[in-house]
Student: 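Mind having a look at this structure? Questions to follow.
Side chains included, hydrogens not; waters and symmetry mates left out as well; all remaining heavy atoms used.
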Amino acid sequence: MTDNNRIVVLFSGNGSTLQSILDQQSKYQYQTVAAITNRPDAFGLQRAEKADIEALALDHKQFQDRSSFDQALIEQIDQYNPALVVLAGYMRILSSGFVSHYQGRLINIHPSLLPKHKGLNTYQSALSAGDEKHGASVHFVTEELDSGAVILQASTVIKETDTAESLEERVKVMEQKVYPEAIDWIVSGRITQNGQTILLDQQPLDSQGVQISEQHLED
Ligand code: NHR
Ligand code: GAR
């Protein structure tokens with residue numbers, strides 16, 4: 001256990017991922033100290049207030065450009081002195097200045113089995129590609145989108161009857177189970193990095209991280 005277990009969560013909208021992080025923190029080591037959105041009308045703000053944590057909106061439209069917004073965001077985040085910054089449905093691309101400021105302590109969960117299906121609309125992409133499986137990846141954030149080292153992947157077998165909507169529903173449930181656990185691994189010092197290699201409890205992981213299947217999550 002390290003002495004700093006504080007996390008700050010960034011989100012843009014509904015905040016259901018934020019909610020799952022808040023709901024599960026009593027069984028883990030991390031402490032969510034603040035949630036920050038780039039959209040003043042985001043429903044997640046109400047969730048943060050209800051959970052009695054700092055809730056803050058910084059409207060990107062009030063800034064001249066991406067880097068001045070990101071600089072203001074850094075100033076807000078750093079007042080909370082977090083060990084880890086967690087993207088949870090945060091939909092604005094982060095500038096290189098932001099990413100390098102938080103190098104090694106900035107993560108995201110992306111709804112695909114990376115390196116497959118970077119970008120948006122991943123559910124439809126997986127169906128169109130005829131993939132056997134789909135899922136979500138927890139990864140360190142680097143300047144290049146959806147390309148940082150992968151810590152963990154949760155996967156589900158695609159069914160004949162699946163639609164983008166049914167797949168999204170299943171993957172979201174998995175995301176909300178595995179993301180809090182991955183956050184806990186990092187905050188408690190169990191994840192380390194050696195160049196491109198990620199280690200969990202000193203064991204090097206392969207490039208797709210720890211593999212968790214849907215069945216495994218059910219028990
Ligand atoms: N920033 C960097 N530098 N690297 C990553 O890997 C990032 C990132 C910022 C957000 C989350 C990612 C996702 O999981 C994420 C990863 C939004 C966009 C995007 O195109 C891309 C990836 C992700 C989130 N955003 C548009 C933009 O111009 C705006 C889209 C909108 O507002 O709806 O910022 O999905
Ligand atoms: C989801 O709808 C998803 O499309 C997108 O933002 C929303 C998050 O929901 N997230 C990503 O693609 C980022 N990985 P939420 O605001 O309820 O957590």
Side-chain angles (χ1 to χ4, degrees), residues 4-13 15-18 20-21 30 32-39 42 44 56 58 60 65-78 80-122 135-154 171-172 175-176 178-200 205-210:
N4 184 355
N5 63 347
R6 300 158 65 83
I7 71 165
V8 168
V9 177
L10 305 186
F11 67 101
S12 293
S16 59
T17 312
L18 165 66
S20 70
I21 292 166
Y30 64 84
T32 311
V33 291
I36 306 178
T37 180
N38 64 307
R39 294 193 179 273
L56 220 127
L58 196 62
H60 66 266
D65 51 38
R66 208 175 276 272
S67 67
S68 54
F69 171 73
D70 279 4
Q71 193 53 47
L73 192 55
I74 288 175
E75 282 161 23
Q76 293 298 332
I77 294 169
D78 283 355
Y80 300 106
N81 182 35
L84 183 68
V85 177
V86 174
L87 305 185
Y90 184 73
M91 298 312 287
R92 275 197 59 88
I93 295 171
L94 294 160
S95 56
S96 59
F98 186 98
V99 172
S100 62
H101 184 80
Y102 296 107
Q103 198 195 6
R105 47 191 193 111
L106 177 61
I107 61 169
N108 179 44
I109 186 160
H110 177 77
S112 81
L113 300 174
L114 291 170
K116 284 185 177 170
H117 313 302
K118 296 178 183 181
L120 305 176
N121 304 315
T122 61
S137 306
V138 177
H139 66 92
F140 283 107
V141 172
T142 56
E143 187 176 359
E144 194 185 340
L145 273 186
D146 304 330
S147 299
V150 174
I151 299 159
L152 169 161
Q153 287 184 335
V171 170
K172 283 238 161 106
E175 287 188 355
Q176 296 179 4
V178 300
Y179 208 14
E181 181 163 26
I183 291 167
D184 187 64
W185 290 348
I186 297 169
V187 164
S188 58
R190 295 179 59 191
I191 294 280
T192 50
Q193 243 180 315
N194 184 358
Q196 271 303 302
T197 306
I198 305 235
L199 303 92
L200 173 62
L205 303 178
D206 75 28
S207 67
Q208 292 193 297
V210 175

Student: Taking the side chain as C-beta and beyond, is there a heavy-atom pair between I183 and V138 under 4.5 Å?
Tutor: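 No, their side chains stay 4.5 Å or more apart.
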Student: Using modelled atom types only, decide if a donor and an acceptor are shared between the side chain of H101 and the backbone of Q71 within a distance under 3.5 Å.
Tutor: no
Student: Tell me, with the steps shown, if Y30 and I186 meet side-chain contact (heavy atoms from CB on, under 4.5 Å).
Tutor: CA-CA 9 Å; Y30 64 84; I186 297 169; over 6 Å; no
Student: Do L73 and L10 have side-chain heavy atoms sitting under 4.5 Å apart?
Tutor: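 Touching, per the 4.5 Å side-chain cut-off.
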Student: Short question: side chain of D70, backbone of F98 - any donor-acceptor pair under 3.5 Å?
Tutor: no
Student: So which heavy atom on S137 is nearest to which on S112, and how close?
Tutor: OG-O, 2.6 Å
Student: In Å, rounded to the nearest 0.5 Å, how long is the span from CG of D184 to CD of E181?
Tutor: 7.5 Å
Student: Which pair of non-hydrogen atoms, one from I21 and one from A88, has the smallest distance, and what is that distance?
Tutor: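 Looking at all heavy atoms of both residues, the shortest contact is CD1-CB, 4.3 Å.
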Student: Look at the side chain of T37 and the backbone N and O of F11, then say whether any donor-acceptor pair between them is shorter than 3.5 Å.
Tutor: yes
Student: Looking at OG of S16 and CD of Q176, how far apart are the two atoms once the value is rounded to the nearest 0.5 Å?
Tutor: 4.5 Å
Student: From L199 CG over to R190 CZ, what is the distance, rounded to the nearest 0.5 angstrom?
Tutor: 12.5 Å
Student: Measuring from atom CD1 of I107 to atom CD1 of I151, what distance do you get when rounded to the nearest 0.5 angstrom?
Tutor: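 Separation between the atoms: 5.5 Å.
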Student: What are the two closest heavy atoms between G148 and T142, and how far apart are they?
Tutor: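 In terms of heavy atoms, the two residues are closest at N-OG1, 3.5 Å.
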Student: Determine, step by step, whether M91 and L120 satisfy the side-chain contact (heavy atoms from CB on, under 4.5 Å) criterion, reporting the C-alpha distance in whole Å, the side-chain angles of both residues, the deciding distance to 0.1 Å, and the verdict.
Tutor: CA-CA 10 Å; M91 298 312 287; L120 305 176; 3.7 Å; yes
Student: Residues two or more places apart in sequence or in another chain: which of them pass side-chain contact (heavy atoms from CB on, under 4.5 Å) with E143?
Tutor: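 With sequence neighbours excluded, E143 shows a side-chain contact (heavy atoms from CB on, under 4.5 Å) to S96, given in chain and number order.
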Student: For the CD atom on Q103, are there more than 12 heavy atoms of other groups (residues, nucleotides or ligands in this structure) within a distance under 6.0 Å?
Tutor: no
Student: Can you see which heavy atom on S20 is nearest to which on P180, and at what distance?
Tutor: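 Closest pair (atom of S20, atom of P180, distance): O-CG, 3.9 Å.
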Student: Roughly how far apart are Q208 CD and H139 NE2, rounded to 0.5 Å?
Tutor: 13.0 Å
Student: Supply the atom-to-atom distance N38 CG to H60 NE2, rounded to the nearest 0.5 angstrom.
Tutor: 5.5 Å
Student: Is it true that a side-chain atom of T32 and a backbone atom of I7 form a donor plus acceptor pair closer than 3.5 Å?
Tutor: no
Student: Do the side chains of L94 and L87 get nearer than 4.5 Å, heavy atoms only?
Tutor: yes
Student: Heavy-atom distance under 4.5 Å between the side chains of Y102 and D78, does that happen here?
Tutor: yes
Student: Do T122 side-chain atoms and P111 backbone N/O form a donor-acceptor pair below 3.5 Å?
Tutor: yes
Student: Side chains of D65 and S68: is there a donor and an acceptor less than 3.5 Å apart?
Tutor: yes
Student: Checking the side chain of S147 only, and the main-chain atoms of L145 only, is there a donor and an acceptor separated by less than 3.5 Å?
Tutor: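 Indeed, once roles are kept as given, a pair shorter than 3.5 Å links the two residues.
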Student: Which residues pass the side-chain contact (heavy atoms from CB on, under 4.5 Å) test with L205, not counting sequence neighbours?
Tutor: I198, L200, V210
Student: Is the backbone N or O of I93 less than 3.5 Å from a side-chain atom of R66, with the two atoms forming a donor-acceptor pair by type?
Tutor: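 Yes.
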Student: For residues S207 and V150, report the shortest heavy-atom separation together with the two atoms involved.
Tutor: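 Scanning both residues completely, I find the closest heavy atoms to be O-CB, 3.7 Å.
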Student: For residues S67 and S95, report the shortest heavy-atom separation together with the two atoms involved.
Tutor: CA-OG, 4.4 Å
Student: Can a donor-acceptor pair be found, under 3.5 Å and without considering hydrogens, that links the side chain of Q153 to the backbone of G209?
Tutor: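 Side chain of Q153 to backbone of G209, a donor-acceptor pair under 3.5 Å: no, none is there.
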Student: Kindly indicate, with the supporting measurements, whether the criterion side-chain contact (heavy atoms from CB on, under 4.5 Å) is fulfilled by Y90 and V85.
Tutor: CA-CA 11 Å; Y90 184 73; V85 177; over 6 Å; no
Student: Begin from the C-alpha positions of D146 and N108 and carry the test side-chain contact (heavy atoms from CB on, under 4.5 Å) through to its verdict.
Tutor: CA-CA 8 Å; D146 304 330; N108 179 44; 4.2 Å; yes
